[in-house]
2 protein chains.
Amino acid sequence: MNQTTDQTAEPLLNERLATSGFRFTPQRQSVYAVLLSERDHPTAEDVFIRAKREMPEISLATVYNCLEAFVKCGLARQVTVERGAARFCPNMREHSHFYCDVCVRVFDLPLSGEVARDLPPGFRAVRVDLTIHGSCPDCESAAGLTPAGEP
Amino acid sequence: MNQTTDQTAEPLLNERLATSGFRFTPQRQSVYAVLLSERDHPTAEDVFIRAKREMPEISLATVYNCLEAFVKCGLARQVTVERGAARFCPNMREHSHFYCDVCVRVFDLPLSGEVARDLPPGFRAVRVDLTIHGSCPDCESAAGLTPAGEP
DNA sequence: GTGAATGCAAAACCTTTGCAACTGG
DNA sequence: CCAGTTGCAAAGGTTTTGCATTCAC
């Protein structure tokens, strides 16, 4: 549901890697394509499984390597919404995350960075990590429809 | 620097555990005392090392058990400011965290929960996890004093 | 007395690392 | 060519689990 981002981001891969001293490899192209195709904040293992569909010989270590390279050159973010496996997201705009405790999905929220404005004196903010936990619209309405049991 | 919290929280341990179906044990008292004494957001292993000073026979598994019990009965929070070990904090007031990338310390910030007000329709917020990364006053002033090398 | 908690060790889980072979620029 | 990358396997750090013993209530 955000095709413009796909189209602007995809061509960047090659040059963005190059300007950061990384090489462009088929594995990195595959992993990045996976990140862009399903923007559901996959874990490294999720990416691994999906990338293997197109490139069966790819290894998990390479997926970690690729994801690390993307984070370092500004093509992806590592997101920590829960303990356990890290998740990755190719949305580089300033945003926050909503974690649905019910369906365990992660949503991007367009929240502004005004949060860091009222810091105590002396602190300098570089990055804001904001995750809101709760229930998403799907799970909220599902909960409302089924008060006790099925009809 | 916050003695009132210590004094109000300590007596709660016994009854708070009981009302949640947990038992009061010497280990839980030790672990909780450790949490209250140094409020520097220790990891489970930090707590383990400190608790062993007073109770040498305590085990790491028990420390994890105690911390889990505290989180479940509302005596402590598990804080994830970085990947790696979880940190624990006995401050149950609504607050956020500041993670200093330089000295790797964690500070409590009195930030309000207004962040969750402008959620898209349908989302219901239950908890807000906010961590601001940057440099703390100590590290900011230290950086300013030493432009290149020592005099 | 009984279920919960402890301590120990082993396992599980996620991630990083070592290294030989390979390859992109 | 050659530093960066790959794939594999092994190791690393954190957390959980199994189980016999002990303990709080």
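Chain identifiers are assigned alphabetically (A, B, ...) following the order of the sequence lines, protein sequences preceding nucleic acid strands; residue numbering begins at 1 within each chain.
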If I take atom CE in residue Met55(A) and atom P in nucleotide dT5(D), what distance separates them, rounded to the nearest angstrom? 15 Å
Could you pull out all residues at least two apart from Asp46(A) that satisfy salt bridge (charged side-chain N to carboxylate O under 4.0 Å, His left out)? none
Exam field: side chain Ser141(B) to backbone Asp138(B), donor-acceptor pair closer than 3.5 Å: yes
In the 5' to 3' direction, the nucleotides of DNA chain C bounding the stretch that comes under 4.0 Å of a heavy atom in chain B are dG3(C) to dT15(C)
Decide if the gap between the ring center of Phe88(A) and the ring center of Phe70(A) is smaller than 6.0 angstrom. no
Looking at side-chain heavy atoms only, is the closest gap between Arg127(A) and Arg77(A) below 4.5 Å? no
In whole angstrom, give the distance that lies between atom CZ of Arg28(A) and atom C1' of dG7(D). 14 Å
Give a yes or no on whether Leu119(A) and Val81(B) share a hydrophobic cluster (residues Ile, Leu, Val, Met, Phe, Trp, Tyr; joining criterion: side-chain heavy atoms under 4.5 Å apart). no
Side chains of Leu75(A) and Leu35(A): closer than 4.5 Å at any heavy-atom pair? no
Before giving the answer on side chain to side chain donor-acceptor pair (under 3.5 Å), spell out for Asp108(A) and His41(A) the whole-Å C-alpha distance, their side-chain angles and the decisive distance to 0.1 Å. CA-CA 9 Å; Asp108(A) 282 357; His41(A) 303 80; 2.6 Å; yes
For atom CD of Glu54(A), decide whether the heavy atoms of other residues, nucleotides or ligands shown that lie under 6.0 angstrom number more than 12. no
Scan nucleotides 10-25 of chain D nucleotide by nucleotide, 5' to 3', and note B when protein non-hydrogen atoms come under 4.0 Å of the base, S if they reach only the sugar-phosphate, - if neither. ----SBBB------BS
